Student: 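One structure, as structure tokens, below. Some questions next.
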Amino acid sequence: MIDDVAKDTLHKRLRRDREALLWKLDGLSEYDARRPLTATGTNLLGLVKHVATVEARYFGEVFGRPSPESLCRWQDSDGSDHWAAEDETRDQIVAFYRRTWDHADATIGALALDTPGHVPWWADPYPNTTLFAVMVHVLGETIRHTGHADILRETVDGRTGVRAEYERPADEKARAARFAKIEQTATAVLAKARPTRH
């Protein structure tokens, strides 16, 4: 009974955070969805593509249920799952993510939490694992990258939130005042940390 509750709880949270990640693309131009927003090139559409690839691998080959999606061998991964190529459309990547959900959900639905799996890219002694551990791992990856997407989206146009129904119009005056207050505090701490000359 507790296994069913745990599995259902993890699965519901994974579904929620998948949707939150996709929502971060809502209303963006093709350029803003793709443009690098950090020194390492992190971008919103790339985050979606990466998380889709993570799910496809973990809920596919780890349990002998290979994803129907075309994926390079994990050993040959070159980081191209972190950004969208010129010939890849946003619709294609979103559809890939949604198809990956279907395959992952089928794996989660078919297997018990203690079902053994093998993650060949995990170092010894960890490659032999269970569905429970993989669900926790993938949920952690999804939450982590959705958090990245939160910050990137705020950087692009100020939009924040988990879902459209919780979004409130931005109060730019209040945001500016809060930013100024936090900057003032940081500056004051910096001034106190500087050594004084005698």
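Small disclaimer: the values here were computed from a predicted structure and weren't measured.
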Student: Start with the C-alpha gap between Leu152 and Asn43, add the side-chain angles, then the distance that decides, and say whether side-chain contact (heavy atoms from CB on, under 4.5 Å) holds.
Tutor: CA-CA 7 Å; Leu152 295 183; Asn43 62 89; 5.5 Å; no

Student: Checking Glu154 against Arg159 for the side-chain contact (heavy atoms from CB on, under 4.5 Å) test, could you report, in this order, the C-alpha distance in whole Å, the side-chain angles of both residues, the deciding distance, and whether it holds?
Tutor: CA-CA 5 Å; Glu154 185 178 354; Arg159 287 182 72 180; over 6 Å; no

Student: Please name the pair of heavy atoms, one in Pro36 and one in Gly41, separated by the smallest distance, quoted to 0.1 Å.
Tutor: CB-CA, 3.6 Å

Student: Which heavy atom in Asp150 sits nearest to a heavy atom in Gly161, and how many Å separate them?
Tutor: OD1-O, 3.7 Å

Student: Locate the shortest heavy-atom distance separating Asp87 from Gln92; write the atom from each residue and the value.
Tutor: O-OE1, 3.5 Å

Student: Measure the shortest side-chain to side-chain distance between Glu69 and Thr53 over non-hydrogen atoms and say whether it is less than 4.5 angstrom.
Tutor: no

Student: Working to the nearest 0.5 angstrom, can you tell me the gap between Leu139 CG and Glu141 CD?
Tutor: 10.5 Å

Student: Do Arg90 and Leu25 come within less than 4.5 Å of each other through their side chains, counting heavy atoms only?
Tutor: yes

Student: Start with the C-alpha gap between Lys7 and Asp3, add the side-chain angles, then the distance that decides, and say whether salt bridge (charged side-chain N to carboxylate O under 4.0 Å, His left out) holds.
Tutor: CA-CA 6 Å; Lys7 185 175 173 183; Asp3 282 2; over 6 Å; no

Student: Give the intermediate values and the outcome of salt bridge (charged side-chain N to carboxylate O under 4.0 Å, His left out) for residues Glu19 and Arg15.
Tutor: CA-CA 6 Å; Glu19 293 287 353; Arg15 287 179 170 134; over 6 Å; no

Student: Determine, using ring centers only, whether Trp121 and Tyr126 are less than 6.0 Å apart.
Tutor: no

Student: Would you give the length of the straight line joining atom CG of Leu131 to atom CG of Leu113, rounded to the nearest 0.5 angstrom?
Tutor: 5.5 Å

Student: Testing the basics here: between Ile93 and Ala84, what is the closest heavy-atom pair and its distance to 0.1 Å?
Tutor: CD1-CB, 3.5 Å

Student: Is it true that atom CH2 of Trp23 has more than 12 heavy atoms of other residues, nucleotides or ligands lying nearer than 6.0 Å?
Tutor: yes

Student: Decide side-chain contact (heavy atoms from CB on, under 4.5 Å) for Arg34 and Trp83; before the verdict, give the C-alpha distance in whole Å, the side-chain angles of both, and the deciding distance to 0.1 Å.
Tutor: CA-CA 7 Å; Arg34 296 165 176 270; Trp83 57 281; over 6 Å; no

Student: Is any side-chain heavy atom of His82 less than 4.5 Å from a side-chain heavy atom of Lys49?
Tutor: no

Student: What verdict does the side-chain contact (heavy atoms from CB on, under 4.5 Å) test give for Met135 and Leu14, after you've listed the backbone C-alpha separation in whole Å, the side-chain angles of each residue and the deciding distance to 0.1 Å?
Tutor: CA-CA 8 Å; Met135 287 184 76; Leu14 179 60; 5.7 Å; no

Student: Centre-to-centre under 6.0 Å for His103 and Phe59, is that the case here?
Tutor: no

Student: Within this structure, what is the NE2-CG distance for the pair His148 and Leu37, rounded to the nearest 0.5 Å?
Tutor: 12.5 Å

Student: Please say yes or no: joined through hydrophobic side-chain contacts below 4.5 Å, possibly via intermediate residues, are Val119 and Ile108 part of one cluster?
Tutor: yes

Student: Same cluster for Val134 and Ile143 if Ile/Leu/Val/Met/Phe/Trp/Tyr side chains link at under 4.5 Å?
Tutor: yes

Student: Quick one: does any side-chain atom of Thr38 pair with a main-chain N or O of Thr42 as donor and acceptor, under 3.5 Å?
Tutor: yes

Student: As an exercise, state the distance from CG of Asp91 to CZ of Arg98, rounded to the nearest 0.5 Å.
Tutor: 10.5 Å

Student: Within the 4.5 Å heavy-atom criterion, are Phe132 and Asp114 side-chain neighbours or not?
Tutor: no

Student: Would you please test Arg35 and Asp32 for salt bridge (charged side-chain N to carboxylate O under 4.0 Å, His left out) and show each step?
Tutor: CA-CA 5 Å; Arg35 69 179 167 121; Asp32 283 335; 2.7 Å; yes

Student: For the residue pair Asp78 / Ser80, report whether a side-chain donor-acceptor contact shorter than 3.5 Å exists.
Tutor: yes

Student: Ignoring hydrogens and angles, tell me if any N or O in the side chain of Glu88 forms a donor-acceptor pair with the backbone of Ala85 under 3.5 Å.
Tutor: yes

Student: Rounded to the nearest 0.5 Å, what separation is found between the NZ atom of Lys24 and the CG atom of Leu45?
Tutor: 15.5 Å

Student: Test of understanding: clusters of I, L, V, M, F, W, Y form through side-chain heavy atoms closer than 4.5 Å, transitively. Do Val54 and Val94 belong to the same one?
Tutor: no

Student: With clusters defined by side-chain heavy atoms of hydrophobic residues (ILVMFWY) lying less than 4.5 Å apart, directly or transitively, does Leu28 cluster with Ile151?
Tutor: no

Student: Can you say whether the rings of His50 and His145 are parallel (under 30°), tilted (30 to 60°) or perpendicular (over 60°)?
Tutor: perpendicular

Student: Applying the 4.5 Å side-chain criterion to the ILVMFWY set and letting contacts propagate, would Leu22 and Val138 be lumped into a single cluster?
Tutor: no

Student: How many angstroms lie between atom CG of Leu71 and atom CZ of Arg57, to the nearest 0.5 angstrom?
Tutor: 5.0 Å

Student: Distance only, no hydrogens: is a donor on one side chain within 3.5 Å (strictly under) of an acceptor on the other, for Asp105 and His11?
Tutor: yes

Student: Quick check: does any side chain N or O of Arg175 sit under 3.5 Å from a backbone N or O of Gly158, one acting as donor and the other as acceptor?
Tutor: yes

Student: Write down the atom of Arg18, the atom of Ala104, and the distance for their closest heavy-atom approach.
Tutor: NH2-CB, 3.7 Å

Student: If you take all heavy atoms of Thr146 and Ala20, which pair is closest and at what distance?
Tutor: CG2-CB, 4.0 Å

